[in-house]
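Notes to accompany the following structure.
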Amino acid sequence: EAAVTQSPRSKVAVTGGKVTLSCHQTNNHDYMYWYRQDTGHGLRLIHYSYVADSTEKGDIPDGYKASRPSQENFSLILELASLSQTAVYFCASRGTGGGERLFFGHGTKLSVL
Amino acid sequence: QQKVQQSPESLSVPEGGMASLNCTSSDRNFQYFWWYRQHSGEGPKALMSIFSDGDKKEGRFTAHLNKASLHVSLHIRDSQPSDSALYFCAATGNSNNRIFFGDGTQLVVKP
């Protein structure tokens with residue numbers, strides 16, 4: 001089974017602080033994604049990448065930056081964390097081709113206080 | 001307008017019953033459809049895919065696709081309490097790196 005590992009599993013941050021969420025995949029997948037999920041709701045795309053050293057904006061990129069230094073690693077950066085960014089964040093990867101499935105990590109629960 | 005819409009938002013069925021989840025897309029470029037399932041506290045996991053018109057059966061789960069009406073459905077026969085989860089419909093096209101998700105259907109199977 002393809003593996004996507006996120007770290008940390010949970011984090012408490014202060015308003016205005018910097019937060020970095022990390023994602024590592026061992027699937028040899030080109031595509032990686034960051035999603036945000038608010039309690040009991042759907043998945044919203046923040047940023048994605050289809051090749052190392054390149055990232056694309058998703059539907060809700062404001063307040064977030066992404067970095068893809070290698071095929072295996074994809075980070076999400078909150079330069080100035082805000083209360084509204086409290087949520088669970090999921091990283092996912094998939095292979096090329098429209099029919100490929102997404103493999104998700106376990107998620108990072110972020111609480112901004 | 002959201003490209004993938006799911007209904008109902010929530011669904012409760014008795015153990016052993018049939019659960020039916022629906023998904024409608026608004027983009028005729030979509031070619032590939034997936035159902036994902038998310039148990040509480042976990043990440044979503046791919047449940048099954050459907051790419052061609054008609055039915056696809058995997059165990060107790062049957063997916064149906066009608067590309068003409070852009071409608072996808074998932075039917076769970078003999079529902080079990082372990083099927084209680086948030087179910088997402090997802091769609092993508094040939095030339096698209098993006099995967100579009102619906103808002104999900106919360107299924108509760110009562111013992």
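Throughout, a chain's letter reflects where its sequence line sits, starting with A, and its residues are numbered from 1. None of these values were measured; they are calculated from a predicted model.
Ion pairing between a basic and an acidic side chain is recognised when a charged N comes within 4.0 Å of a carboxylate O; Asp55(B) and Lys57(B) show no such pairing.
For Gln38(B), the part sitting under 4.5 Å from any heavy atom of chain A is the side chain, from C-beta outward, and nothing else. Contact of Gln37(A) with chain B is made through the side chain alone, with heavy-atom distances under 4.5 Å. With a 4.5 Å cut-off on non-hydrogen atoms, Gln31(B) does not touch chain A at all.
A donor-acceptor pair shorter than 3.5 Å cannot be found between the side chains of Ser84(B) and Lys110(B).
Using a 30° and 60° split on the angle between ring planes, Tyr50(A) and Tyr48(A) fall in the tilted class, from 30° to 60°. Ring geometry, Phe101(B) versus Tyr36(B): the interplanar angle falls from 30° to 60°, so the pair is classed tilted.
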